[in-house]
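I have placed the structure first, in the form of structure tokens, so that the comments after it can refer back to it.
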Protein chains: 2
Amino acid sequence: MNRSQLIAQIEYKSSFLCVGLDPDLDKIPAHLKSEPDPIFSFCKEIVEETADYAVAYKPNIAFFEALGPKGWESLQKVLDIIPKEIFTIADAKRGDIGNTSKLYAKAFFESMDFDSITVAPYMGADSVTPFLEFENKWVILLALTSNAGSQDFQTIEDGHCKPLFHSVIEKSQEWGSPENMMYVVGATRGELIGEVRTLAPDHFFLVPGVGAQGGSLAEVARYGMNANCSLLVNSSRGIIYASNGKDFAKAARNEAKKLQEEMSVLLEKHRK
Amino acid sequence: MNRSQLIAQIEYKSSFLCVGLDPDLDKIPAHLKSEPDPIFSFCKEIVEETADYAVAYKPNIAFFEALGPKGWESLQKVLDIIPKEIFTIADAKRGDIGNTSKLYAKAFFESMDFDSITVAPYMGADSVTPFLEFENKWVILLALTSNAGSQDFQTIEDGHCKPLFHSVIEKSQEWGSPENMMYVVGATRGELIGEVRTLAPDHFFLVPGVGAQGGSLAEVARYGMNANCSLLVNSSRGIIYASNGKDFAKAARNEAKKLQEEMSVLLEKHRK
């Protein structure tokens with residue numbers, strides 16, 4: 001999917017919601033566990049009920065990988081039932097030297113047909129650029145994450161008081177453009193999102209940390225939204241585990257709808 | 001496997017050789033391609049012929065993952081035929097927030113039974129510590145890699161002229177010990193290995209970049225070896241693709257033997 005198609009989706013749905021698919025066998029409703037492929041059944045119902053409100057789905061690859069070869073089959077089936085106009089993110093946080101990254105890219109962009117993959121920046125240019133050689137495919141590079149450990153290295157300042165995540169954003173703009181690269185920018189501190197927006201005025205940000213991790217949607221929009229929105233705000237647990245009864249998919253729909261309505265107001269406000 | 005078992009293997013075999021298993025369908029001998037599982041057949045013969053000289057095997061997960069669910073089955077089969085006294089490394093470069101890292105840890109340490117996994121440090125403590133909660137299992141943390149892109153971020157100096165990879169090594173010693181944590185330290189510049197040895201006197205280093213990437217074994221030993229050796233030097237392409245004819249496994253055996261003999265001399269020299 002290219003950038004203008006993604007922007008068109010956001011306008012059409014008045015939403016910048018990404019639904020994170022973290023299907024945990026210990027958390028999905030009990031009645032699904034007798035299904036032949038419980039993980040798939042769970043994700044299928046979630047996708048069907050939330051597709052009206054979401055512009056992106058982000059399967060967390062660990063949850064599928066943890067189930068072995070069967071998990072990868074479930075992942076492919078989930079990918080197959082996501083409507084084509086919705087952006088897909090393989091949340092895999094891969095990154096290795098050139099020839100190996102190329103294989104990861106082939107796995108997620110060719111064998112499977114994801115639109116994008118999350119990538120870790122630590123190994124530098126030749127670990128990221130192999131993912132950028134695929135047309136209409138995207139790298140979503142970790143810049144400033146929303147977890148506690150983000151303070152261990154990402155905020156270390158160099159001799160000119162420039163934190164590492166600034167260096168990541170500046171350097172990586174030599175490798176990709178707003179047409180094929182996004183950044184992961186955590187929602188836990190709004191003013192930091194503003195810093196990143198100054199460094200990357202046109203790039204999309206994938207923003208985790210709203211909801212369960214405590215970030216505020218209004219603050220994300222205030223600091224991060226630009227003329228094209230250029231935000232994908234992710235919610236996983238808050239939506240997919242809104243209920244663990246037979247009504248789980250309807251409950252997910254309600255939560256997604258609530259977020260979409262909030263997003264619609266923020267988009268409208270930004271237009272003025 | 002625990003540290004003293006690994007050290008005992010190194011002494012017993014007079015070797016600190018790790019054989020990297022990067023089974024590429026485009027590079028394996030033509031006669032294997034008609035086998036039901038060419039990747040497995042290739043790795044099986046390589047392992048059988050090199051096991052006398054290797055103390056560790058490092059399957060590069062990307063090469064298996066690129067083949068979809070079948071690739072994961074091949075990986076499990078390869079793991080099953082590696083002799084139990086040989087250390088196994090899942091070269092997966094994983095790393096995500098807490099609950100997700102825990103799932104990756106379960107995938108590689110429980111569903112499969114790897115001794116260790118390579119982990120990227122960018123997301124900090126809570127992305128690494130979930131891997132350290134498994135007895136006799138190891139994290140091999142990326143510190144200073146051997147690729148060109150390692151210069152992009154790993155060597156950025158903070159306000160006290162401390163490069164990022166130093167911070168990674170120092171900080172991570174609060175999370176793990178020489179009993180459950182190793183570091184990836186590239187072989188391309190010997191004096192940098194010496195720097196890391198000063199910062200982490202007792203930890204094992206996994207050293208890529210000898211052979212195809214140009215590093216020298218003697219230099220690695222000179223700067224990195226300690227009283228327990230504490231080195232695992234990896235060679236992938238130089239061994240597994242020594243020949244692409246029917247003699248590929250014998251050719252691999254010869255290359256592994258050559259490296260082991262060189263290592264034996266270096267171990268002997270260091271003892272004096």
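For the numbers below, each heavy atom of this structure counts, side chains included, while hydrogens, waters and symmetry mates do not. Naming convention: chains lettered A, B, ... in sequence-line order (proteins, then strands); numbering from 1 in each chain.
L75(A) does not touch chain B: none of its heavy atoms, backbone or side chain, sits under 4.5 Å away. When heavy atoms are compared at a cutoff of 4.5 Å, K106(A) does not approach chain B at all. Residue contact with chain B, scored on non-hydrogen atoms closer than 4.5 Å, involves the side chain of F108(A) exclusively. Looking at S111(A), only its side chain comes within 4.5 Å of chain B, counting heavy atoms on both sides. For a residue to count as touching a neighbouring chain, one of its non-hydrogen atoms must lie under 4.5 Å from one of that chain's; by this rule S167(A) touches chain B with backbone and side chain alike.
Annotation: E191(B), atom CD; neighbour count of heavy atoms from other residues, nucleotides and ligands within 6.0 Å is above 12. Within a 6.0 Å sphere centred on NZ of K137(B), heavy atoms belonging to other residues, nucleotides or ligands number more than 12. Under a cut-off of 6.0 angstrom, the local environment of CD in E174(B) is crowded, with over 12 non-hydrogen atoms contributed by other residues, nucleotides or ligands. Counting heavy atoms of neighbouring residues, nucleotides and ligands inside a 6.0 Å radius, atom NZ of K77(A) exceeds 12 of them.
Contacts from residues 117-130 of chain B to chain A, taken as heavy-atom pairs separated by less than 4.5 Å, involve P121(B), Y122(B), M123(B), G124(B), A125(B), D126(B) in sequence order. Listed by sequence position, D152(A), F153(A), Q154(A), I156(A), E157(A), D158(A), G159(A) are the residues of residues 152-163 of chain A in contact with chain B, using a 4.5 angstrom heavy-atom cutoff.
Annotation for A66(B) and A107(A): closest pair CA-CB, 3.8 Å, computed over non-hydrogen atoms. The two atoms that bring P69(A) and E73(B) nearest to each other are CG-CG, 3.5 Å, heavy atoms only.
Note that CD1 of I61(B) is 10.5 Å distant from CG of D96(A), once rounded to the nearest 0.5 Å. Here the straight-line distance linking atom CG of N99(B) with atom CG of N60(A) works out to 7.5 Å at 0.5 Å rounding. The distance from atom CD of Q151(B) to atom NZ of K171(A), rounded to the nearest 0.5 Å, is 10.5 Å.
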